[in-house]
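Residue numbers begin at 1 in each chain, while the letters A, B, ... track the order of the sequences. Remember, predicted model here, so these are calculated numbers, not experimental data.
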Protein chains: 2
Amino acid sequence: MLQRGAMESTAIELEGQAGDAKRNLTQGMLDALGKAIVTGRYDMRPFPTEAEIARAYGVSRSVTREAVKMLTAKGLVQAKPRQGTRVQPFQAWNLFDPDVLRWLLERKFSIEVLRHFTQLRRGIEPEAAALAATARDGAAIDTVYRELERMRAAERGEDDPLAADIAFHLAILSASGNPFFLQFSRVVATALTTSIRFTNRIKGHTASIAEHRDVADAIEARDPERARACAALLIDNVLDLVDG
Amino acid sequence: MLQRGAMESTAIELEGQAGDAKRNLTQGMLDALGKAIVTGRYDMRPFPTEAEIARAYGVSRSVTREAVKMLTAKGLVQAKPRQGTRVQPFQAWNLFDPDVLRWLLERKFSIEVLRHFTQLRRGIEPEAAALAATARDGAAIDTVYRELERMRAAERGEDDPLAADIAFHLAILSASGNPFFLQFSRVVATALTTSIRFTNRIKGHTASIAEHRDVADAIEARDPERARACAALLIDNVLDLVDG
DNA sequence: ATTGTCAATTTATCATATAAATCGTGCTGT
DNA sequence: ACAGCACGATTTATATGATAAATTGACAAT
């Protein structure tokens, strides 16, 4: 029952629960099908045909087709005449698509995923810090120091420690001056936010201001190698906690 | 003139050149609009309405709508009733979508994009090599050596050098055992294949077999730090070519 | 000046018809 | 018996027209 307005549809309202993100029928459809795919609902049974989806959810074929096209654009499915729409293998999925990432995290989160996230950060953030040290963007470096100051304020109880920590790491990604690194903002924010929820161990652990400052100072000093090493140390600490 | 079959359309065939990837009208439309967006055709003028696109390209509204939906899924545009479809700011684009990346690299003045992407590889691949050295997946390491052998064969003219080079790097990403690193397989392959075609500079350069072997040996020897360093050296060489 | 109303524009949705691609089946000819 | 071809069935692809919903801007009323 994705149905919103009336129109002349005769579909009975008994299916669906298209989630929250239903700004319109197509978005709701996309969300419902996306979640269903990542949770493996079609691993054993075939993906439904246009007609079946339209009937099951009580929407027109236009809506189902446009939703399926969007899933195709995100790499989740592939449609062919006569053979129908098929769920693509996992490695074809675009994991860095915000929707895909969200669907995945809502259900499939685990320590395993968190470790993989953190290993990715171990690759990304040191390089971003090194680039930031090379780029010499004064305004961006100012932001890094401002977020560092925010971490200090958080330590005094004047700000949210987690939010400040996240902001610092995003500032470094931004200071790299490389749009590809900026794309990881969402991943980093997610990884840090959920770290807390999944490892009690980290809860007591307050991020070391000194080690964060070392990264900022190395960037300021235009020393890429030191920036890389200091940033790597930060992530290695997280990795130790996650790996146990 | 995206027109393929006949049907009863009366559109005159005078627009388009939807590129190569027109396995069907919608794909061709997606490709044409995607390229137009990344090359800035709509920076100064508004994005056309459904009706305008359909008329200009001689396709039905179904096709234009589905193409626009796919562009929406990739973060390039956003459609709203009455205001029409708008090109989203660059930060909203999903740069890790293979289509988006290809469009970016195919346009003129893409050296900047290529440099940024290579900087990303500088972060990713060394870490992947280090993880591979830790993971100790025998079968994956065998694949790495098989691709290395393929590079040797290519040097003797028995295989495609570019394809072999790409396959080696993908094998390392795969050997990391981390799905997020595996994600980069598609974009790395896309970036290397398209950028080589569009930049003459790198063309003559044949990759060093010895330096590639060093990476494989370090992984085999289970020496993460050496694997990381050797892989970094490989990318640094590419970076010199792009920067220089 | 603020508010409410209405018309216009554009996307969103529905419905239906036809084309194209592909798979399986069964026939046909040897 | 078997290879190949014709044909029907299924599913997506495309075209078309109609109506709904959302939003903007102009304009009128207070």
Side-chain angles (χ1 to χ4, degrees), chain A residues 1-13 16 18 21-33 42 45-73 77-88, chain B residues 1-13 16 18 21-33 42 45-73 77-88:
Chain A
M1 53 114 254
L2 285 171
Q3 222 67 353
R4 281 187 316 165
M7 265 200 178
E8 61 271 57
S9 172
T10 57
I12 310 152
E13 307 198 357
K22 48 173 167 178
R23 296 167 32 198
N24 56 41
L25 288 182
T26 307
Q27 289 293 324
M29 198 75 212
L30 172 67
D31 210 58
L33 291 176
Y42 306 116
R45 97 195 76 191
F47 195 85
T49 66
E50 277 180 23
E52 286 170 344
I53 299 176
R55 182 158 37 78
Y57 287 84
V59 298
S60 71
R61 276 181 45 228
S62 314
V63 170
T64 74
R65 280 190 58 80
E66 285 167 16
V68 167
K69 282 294 179 187
M70 295 182 83
L71 291 171
T72 305
V77 303
Q78 187 68 48
K80 281 183 178 298
R82 166 76 202 203
Q83 9 186 132
T85 304
R86 289 178 179 170
V87 174
Q88 293 293 102
Chain B
M1 55 110 257
L2 285 171
Q3 223 67 352
R4 281 187 316 165
M7 265 200 178
E8 61 270 58
S9 172
T10 58
I12 310 150
E13 307 198 355
K22 49 173 169 179
R23 296 167 30 195
N24 56 40
L25 289 181
T26 306
Q27 289 292 326
M29 198 73 208
L30 171 67
D31 209 58
L33 291 176
Y42 306 115
R45 96 194 77 191
F47 195 85
T49 67
E50 275 181 23
E52 287 169 344
I53 298 175
R55 182 158 36 80
Y57 287 85
V59 297
S60 71
R61 285 185 351 265
S62 316
V63 170
T64 74
R65 280 190 58 82
E66 285 168 16
V68 168
K69 282 294 180 187
M70 294 182 83
L71 290 170
T72 305
V77 302
Q78 187 68 49
K80 280 183 178 298
R82 166 77 203 204
Q83 342 182 161
T85 304
R86 289 180 180 170
V87 174
Q88 293 293 102

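Distance, A/Q27 CD to C/dA12 P: 9 Å, rounded to whole Å. In this structure, the CZ atom of A/R65 is 15 Å from the P atom of C/dC14, given to the nearest Å. Remark: C1' of C/dA12 and CZ of A/R23 are 12 Å apart, rounded to the nearest angstrom. Rounded to whole Å, the distance from OH on A/Y57 to P on C/dC14 is 14 Å. Rounded to an integer number of Å, the gap from CG of A/L25 to C1' of D/dA20 is 11 Å. Taking atom CD1 on B/I53 and atom C1' on D/dT14, their separation rounds to 16 Å, with Å as the unit. At whole-Å resolution of the value, CZ in B/R55 and C1' in C/dT10 are 14 Å apart. As a whole-Å value, the separation of A/F47 CZ from D/dT11 P is 14 Å.
You'll find the side chain of B/M29 reaches within 4.5 Å of the side chain of B/Y57, heavy atoms only. The side-chain heavy atoms of A/T85 and A/T49, taken from C-beta on, include no pair separated by under 4.5 Å.
Here the CZ atom belonging to B/F47 is positioned 10.0 Å from the CD atom belonging to B/E52, to the nearest 0.5 angstrom.
The side chain of A/T85 contributes an N or O atom lying less than 4.0 Å from OP1 or OP2 of D/dT12. Within the structure, a side-chain polar atom (N or O) of B/S60 is placed less than 4.0 Å from OP1 or OP2 of D/dA15.
Minimum atom distance to the side chain of B/R61 is reached by D/dA18, of the listed D/dA18, D/dT14, C/dA12. In this structure, the nucleotide among D/dT12, D/dT14, C/dT13 sitting nearest to the side chain of A/E50 is D/dT12.
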What pairs of nitrogen or oxygen atoms, one from the protein and one from nucleotides 23-27 of chain D, lie under 3.5 Å apart?
unit_1: D/dT24; atom_1: OP1; unit_2: B/Q83; atom_2: OE1; d: 3.1
unit_1: D/dT24; atom_1: O2; unit_2: B/R82; atom_2: NH1; d: 3.2

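By the side chain to side chain contact (heavy atoms under 4.5 Å, CB included) test, B/T72 pairs with A/M70, B/V68, B/V77, B/Q78, sequence neighbours left out. In this view, A/R82 satisfies the side-chain hydrogen bond (donor to acceptor under 3.5 Å, both in side chains) rule with no residue, not counting sequence neighbours.
Applying the salt bridge (Lys or Arg N to Asp or Glu O under 4.0 Å) test to pairs two or more places apart or on separate chains, those with a residue in residues 62-73 of chain B are A/R65-B/E66, A/E66-B/R65, B/E50-B/R65.
Within the 4.0 angstrom heavy-atom criterion, only backbone atoms of the sugar-phosphate kind lie near B/T49; the bases stay farther away.
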side-chain contact (heavy atoms from CB on, under 4.5 Å), that's the test. Do B/L71 and B/L33 meet it? Break it down for me. CA-CA 8 Å; B/L71 290 170; B/L33 291 176; 3.6 Å; yes

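Nearer the 5' end of DNA chain D, as judged by each residue's closest nucleotide, is the contact made by A/G84, out of A/S62 and A/G84.
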